[in-house]
Protein chains: 2
Amino acid sequence: MALRHAVLAALLDSDFSGYQLAKAFDVGVANFWHALPQQLYTELAKLEKEGLVAGREVVQHGRPNKRVFTVTGAGVAELERFAAAEPKPTFIRDDLLVKVQAADRVGAGHVVRQLDERAAAATTRIAAFEALLARLRGDQAEDDYLRHGTRIGPYLTCLRGLALERETREWCTGTASVLRAREAAHAEQI
Amino acid sequence: MALRHAVLAALLDSDFSGYQLAKAFDVGVANFWHALPQQLYTELAKLEKEGLVAGREVVQHGRPNKRVFTVTGAGVAELERFAAAEPKPTFIRDDLLVKVQAADRVGAGHVVRQLDERAAAATTRIAAFEALLARLRGDQAEDDYLRHGTRIGPYLTCLRGLALERETREWCTGTASVLRAREAAHAEQI
DNA sequence: TCAGCATACTCAAAAAATTGACTAGTCGCG
DNA sequence: CGCGACTAGTCAATTTTTTGAGTATGCTGA
């Protein structure tokens with residue numbers, strides 16, 4: 001019962017349809033939560049049945065109509081309860097870490113390549129986060145925005161995403177270069 | 001089919017029983033993977049049936065006997081295949097991020113407290129990682145160990161854990177202080 | 001013009017993770 | 001001597017997540 005809170009938090013910012021939420025959960029919100037479209041549709045249906053969100057049909061021209069959802073008062077109350085409850089520990093799962101853990105026992109070649117790719121992907125995401133942050137704060141200086149800006153929540157979580165991506169990039173490039181140096185040294189010995 | 005690789009990677013370092021693995025997955029390995037004891041027992045049973053690990057009974061004095069597991073050749077081959085495959089994207093799930101995202105719409109009090117607690121927990125983990133890293137490299141300098149040390153995999157993943165915890169601590173303290181300042185400013189206005 | 005992609009969603013089945021309840025022996029503490 | 005904590009597991013039920021397969025419509029570029 002935790003995806004629901006991620007959905008509610010995402011809907012606080014602006015109303016979304018399931019499809020739009022799915023996009024968000026695949027890129028931006030994925031920063032701190034991840035879910036497939038099917039889960040979101042299911043969750044939205046449940047939330048609506050429980051009265052935590054309200055859906056309304058939006059007629060569109062040139063594309064299928066959609067149902068967008070708004071958080072209700074009960075939804076905000078539910079988030080309030082969630083905020084007061086003890087948080088579950090952070091949950092990280094990363095294939096690359098597992099591979100690096102095993103890197104001295106299996107061939108490191110593929111792992112090095114994947115580290116490079118991950119570092120490149122991180123660079124892209126860093127740029128995206130920086131652009132998003134700049135857009136959120138508009139023409140205000142960061143300090144100013146942090147003190148007086150609206151929608152500080154999304155800004156703060158973006159800052160975290162940015163820091164994580166930077167850390168990821170550094171670790172990936174550092175680790176790749178260590179593994180490469182060791183492969184080279186090993187090759188020399190022969 | 002991914003927990004199995006985390007288990008295999010953990011067993012590469014030294015043989016473990018299900019119980020010991022459970023401990024590791026609750027603290028150390030939890031750095032990059034998380035699993036409950038039940039899952040580990042189930043997974044070990046499956047891995048043994050498939051011949052990827054071999055179990056043997058260890059008779060103990062003064063406590064129940066245990067079964068410890070070793071990775072077999074087939075297990076290493078399976079890890080090799082896994083290392084070559086495309087990695088799934090990193091998967092992060094964090095209640096606190098969701099709460100911060102919603103912090104400007106629900107009471108920030110609890111969230112601030114939880115951020116402080118998380119920062120304190122991070123400090124503890126940072127110390128633990130530093131101690132573990134020092135133990136792994138023994139009397140070697142870090143550069144030296146990275147170039148020539150054995151078991152470089154665990155060392156590299158620990159470095160990542162350390163960096164993540166440091167980032168966590170910084171973000172938590174920074175975010176808590178931003179939210180506190182805003183609460184204070186808001187109180188003044190009244 | 002027509003294939004492919006994007007929007008917008010649904011249903012069902014399988015796999016994985018979580019929750020909760022148990023067994024059973026040992027150790028130390030009061 | 002009994003109580004609680006630690007070691008070392010097992011079993012079953014439930015919930016969550018993932019995988020896979022569909023339904024429609026409309027726009028765009030080769």
Side-chain angles (χ1 to χ4, degrees), chain A residues 1-7 15-27 29-30 32-50 53 55-69 82 85-95 98, chain B residues 1-7 15-27 29-30 32-50 53 55-69 82 85-95 98:
Chain A
M1 298 291 213
L3 170 60
R4 66 193 310 113
H5 301 116
V7 169
D15 298 351
F16 285 118
S17 69
Y19 190 79
Q20 289 172 299
L21 261 187
K23 295 271 154 185
F25 270 77
D26 213 42
V27 285
V29 186
F32 60 91
W33 208 271
H34 172 262
L36 299 165
Q38 290 89 327
Q39 271 177 282
L40 296 170
Y41 285 116
T42 312
E43 197 62 43
L44 282 170
K46 274 202 276 179
L47 287 168
E48 193 179 18
K49 213 173 70 185
E50 295 172 36
V53 304
R56 70 203 141 77
E57 189 87 10
V58 171
V59 178
Q60 297 189 113
H61 318 285
R63 64 182 61 178
N65 294 344
K66 62 181 175 181
R67 300 201 70 219
V68 302
F69 296 89
F82 170 66
E86 282 314 295
K88 290 205 178 176
T90 304
F91 186 103
I92 295 184
R93 202 158 271 199
D94 193 340
D95 276 12
V98 175
Chain B
M1 299 294 213
L3 171 60
R4 64 190 318 111
H5 301 117
V7 169
D15 299 350
F16 284 117
S17 68
Y19 190 79
Q20 289 171 300
L21 261 187
K23 295 273 153 181
F25 271 76
D26 210 42
V27 285
V29 186
F32 60 90
W33 208 272
H34 171 261
L36 298 165
Q38 289 89 328
Q39 272 177 280
L40 296 171
Y41 286 117
T42 312
E43 198 61 46
L44 283 169
K46 275 201 276 179
L47 287 169
E48 192 179 19
K49 213 173 71 185
E50 294 172 39
V53 304
R56 70 202 141 79
E57 189 87 8
V58 171
V59 178
Q60 296 189 113
H61 317 287
R63 63 183 60 179
N65 294 344
K66 63 182 177 181
R67 301 201 70 218
V68 301
F69 296 89
F82 170 66
E86 282 314 294
K88 291 206 176 172
T90 304
F91 186 103
I92 295 186
R93 200 156 272 199
D94 193 340
D95 277 12
V98 176

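Worth knowing before you read on, the calculation uses all heavy atoms, side chains too, and leaves out hydrogens, waters and symmetry mates. Keep in mind that what you see is a predicted model, and the values were worked out from it rather than measured.
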Asks: What is the minimum heavy-atom distance between A/Arg93 and B/His34, and which atoms define it?
Replies: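 In this case the closest contact between A/Arg93 and B/His34 is NH2-O, 2.7 Å.
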Asks: How would nucleotides 12-22 of chain C be written as a contact map, 5' to 3', with B for base contact, S for sugar-phosphate-only contact and - for no contact, using protein heavy atoms under 4.0 Å?
Replies: ----SSBBB--
Asks: Could you check whether any side-chain heavy atom of B/Asp95 comes within less than 4.5 Å of a side-chain heavy atom of A/His5, counting everything from C-beta outward?
Replies: no
Asks: Once you round it to whole Å, what is the distance between P of C/dC27 and NE2 of B/His61?
Replies: 12 Å
Asks: How long is the line joining NZ of A/Lys66 and P of C/dA6, in whole Å?
Replies: 17 Å
Asks: Can you check the B/Tyr19 OH to C/dG25 P distance for me, whole Å?
Replies: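 Taking OH of B/Tyr19 and P of C/dG25, I get 17 Å after rounding.
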Asks: When rounded to the nearest 0.5 angstrom, what distance separates OG in A/Ser17 from CG in A/Leu40?
Replies: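 Reported value, rounded in 0.5 Å steps: 10.0 Å.
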Asks: Quick check: do B/Phe25 and B/Leu3 have side-chain heavy atoms less than 4.5 Å from each other?
Replies: yes
Asks: Short question: side chain of A/Arg4, backbone of A/Glu43 - any donor-acceptor pair under 3.5 Å?
Replies: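 Side chain of A/Arg4 to backbone of A/Glu43: no pair is present.
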Asks: Taking side chain as C-beta onward, heavy atoms only, is A/Val98 less than 4.5 Å from B/Phe82?
Replies: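 In contact.
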Asks: Residues two or more places apart in sequence or in another chain: which of them pass ring pair (Phe, Tyr, Trp, His ring centres under 6.0 Å) with A/Tyr19?
Replies: none
Asks: What range of DNA chain D does chain A touch, first nucleotide to last, counting atoms under 4.0 Å from its heavy atoms?
Replies: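 Under 4.0 Å from chain A, the extent on DNA chain D is D/dT16 to D/dC27.
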Asks: Taking B/Val68's backbone N and O only, do any of them form a donor-acceptor pair with B/Arg56's side chain (distance below 3.5 Å, no angle check)?
Replies: no
Asks: So, does A/Ser17 get its side chain near the phosphate of C/dC9, meaning an N or O under 4.0 Å from OP1 or OP2?
Replies: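 Looking at the OP1 and OP2 atoms of C/dC9, one of them is under 4.0 Å from a side-chain N or O of A/Ser17.
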